[in-house]
Amino acid sequence: MDPSVHPPIVEKLSVRFEGWLGDDLLETFPCFLVTDRLRHAIEATGFTGCSFDEVEVSKSEEFDEMYPGRELPRFWWMKIPGMAAKDDFGISTDHCLVVSQRVFDLIMSFQLDNCDAEEFGDLTPPVR
């Protein structure tokens, strides 16, 4: 990770879980993770503005103590090169994930009990 810029540039993502409440979409600034099942649903739609890459996942000792025998699903790093006003996925100027209504409708059918969601506003590109 290159922390000399904001947000930091991540070249390889490794995530160590100390707990997991079951959500299919997770944020670990400045990155987003999705479960395998959410990735497949997103890819099946042809949405624009995101791609997926490998993420190294591990569990802490605390995780194993709190959740004995609990397995984590496969996670993917969801990269967001898209632009919020143009693509289905984008990142706002304050580094939040922005999705189109179509994406929102899809992901809300998955487990997102710990996700904060709010309407972003008008994403219509300005007329020049």
Side-chain angles (χ1 to χ4, degrees):
M1 177 168 72
D2 178 0
S4 67
V5 294
H6 187 74
I9 297 172
V10 178
E11 294 180 17
K12 180 180 178 187
L13 185 57
S14 177
V15 176
R16 184 175 185 96
F17 281 82
E18 294 196 12
W20 177 58
L21 299 174
D23 284 0
D24 287 289
L25 172 64
L26 307 173
E27 177 186 16
T28 178
F29 183 79
C31 301
F32 296 91
L33 303 176
V34 296
T35 58
D36 197 46
R37 69 188 202 115
L38 181 52
R39 175 194 174 173
H40 289 297
I42 290 169
E43 288 181 328
T45 63
F47 291 139
T48 61
C50 79
S51 64
F52 299 95
D53 201 349
E54 298 282 333
V55 58
E56 181 181 302
V57 172
S58 61
K59 299 184 286 183
S60 69
E61 289 180 24
E62 291 82 9
F63 184 100
D64 288 330
E65 289 173 10
M66 290 188 336
Y67 309 103
R70 185 172 192 181
E71 294 298 318
L72 290 169
R74 180 160 188 194
F75 282 96
W76 294 91
W77 179 5
M78 184 172 66
K79 295 181 174 182
I80 313 293
M83 295 174 50
K86 178 182 166 200
D87 296 299
D88 290 301
F89 288 88
I91 300 293
S92 67
T93 56
D94 60 350
H95 312 293
C96 292
L97 178 64
V98 178
V99 298
S100 68
Q101 185 66 51
R102 297 180 325 133
V103 171
F104 183 79
D105 293 343
L106 171 77
I107 65 175
M108 291 311 289
S109 67
F110 286 79
Q111 184 166 334
L112 296 174
D113 295 338
N114 302 285
C115 176
D116 292 329
E118 60 186 61
E119 192 164 336
F120 187 71
D122 186 14
L123 293 178
T124 307
V127 178
R128 299 208 187 261

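Just so you know, these numbers come straight off a predicted model, no measurement behind them.
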- Message: Quick one, I42 and V103 - any side-chain contact, counting heavy atoms below 4.5 Å?
- Response: no
- Query: Short question: side chain of D88, backbone of T48 - any donor-acceptor pair under 3.5 Å?
  - Reply: yes
- Query: Can you tell me if E27 uses its side chain to pair, donor with acceptor, with the backbone of C96 under 3.5 Å?
  - Reply: no
- Message: Between F32 and L97, is there a side-chain heavy-atom distance shorter than 4.5 Å?
- Response: yes
- Provide the closest heavy-atom pair for L21 versus Q111 in the form atom of the first, atom of the second, distance. O-NE2, 3.3 Å
- Message: Looking at N114, is its backbone amide N or carbonyl O close enough to the side chain of D23 to form a donor-acceptor pair, meaning the two atoms are under 3.5 Å apart?
- Response: yes
- Task: Over all heavy atoms of both residues, which pair between G82 and D87 is shortest? Give the atoms and the distance, please.
- Result: CA-OD2, 3.2 Å
- Least distance between heavy atoms, C50 atom then I80 atom: CB-CD1, 3.9 Å
- Query: Once the angle between the rings of W20 and F17 is folded into 0 to 90°, is it parallel (under 30°), tilted (30 to 60°) or perpendicular (over 60°)?
  - Reply: perpendicular
- Message: I need the Y67 OH to E18 CD distance, nearest 0.5 Å.
- Response: 10.5 Å
- Should we say atom CG of D105 is surrounded by more than 12 heavy atoms from elsewhere, each under 6.0 Å from it? yes
- Note on the structure: Value for NE2 (H40) from OG1 (T35), rounded to nearest 0.5 Å, stands at 9.0 Å
- Check step by step if side-chain contact (heavy atoms from CB on, under 4.5 Å) holds for W76 and E54. CA-CA 6 Å; W76 294 91; E54 298 282 333; 3.4 Å; yes
- One should read off an interatomic distance between D113 CG and D24 CG, to the nearest 0.5 angstrom, of 9.5 Å
- Message: Assigning hydrophobic clusters by single linkage (Ile, Leu, Val, Met, Phe, Trp, Tyr; side-chain heavy-atom cutoff under 4.5 Å), is M83 placed with I91?
- Response: no
- Message: One thing to verify: whether K59 and E65 come together as a salt bridge, which I'm taking to mean a side-chain N less than 4.0 angstrom from a carboxylate O.
- Response: no
- Query: Under 6.0 Å from the CD atom of E62, do we count more than 12 heavy atoms belonging to anything else shown?
  - Reply: yes
- Task: List the steps and the verdict of side-chain contact (heavy atoms from CB on, under 4.5 Å) for R39 and R74.
- Result: CA-CA 10 Å; R39 175 194 174 173; R74 180 160 188 194; 5.8 Å; no
- Query: Which atom names give the shortest non-hydrogen contact between F89 and M78, and what distance separates them?
  - Reply: CE2-SD, 3.9 Å
- Task: May I ask you to decide if C31's main-chain N or O and T28's side chain share a donor-acceptor pair within less than 3.5 Å?
- Result: no
- Message: Side chains of P73 and D36, heavy atoms from C-beta outward: is any pair under 4.5 Å?
- Response: no
- Query: Just wondering, do V99 and F47 contact through their side chains at under 4.5 Å, heavy atoms?
  - Reply: no
- Out of curiosity, does F52 fall in the hydrophobic cluster containing L38 (side-chain heavy atoms, cut-off under 4.5 Å, transitive links)? yes
- Task: Can you see which heavy atom on P81 is nearest to which on S51, and at what distance?
- Result: CD-N, 4.4 Å
- Message: Let me confirm one number: the CG-CG distance from L26 to L112, rounded to the nearest 0.5 Å.
- Response: 9.0 Å
- Item | F110 vs V34 side-chain heavy atoms within contact, under 4.5 Å | no
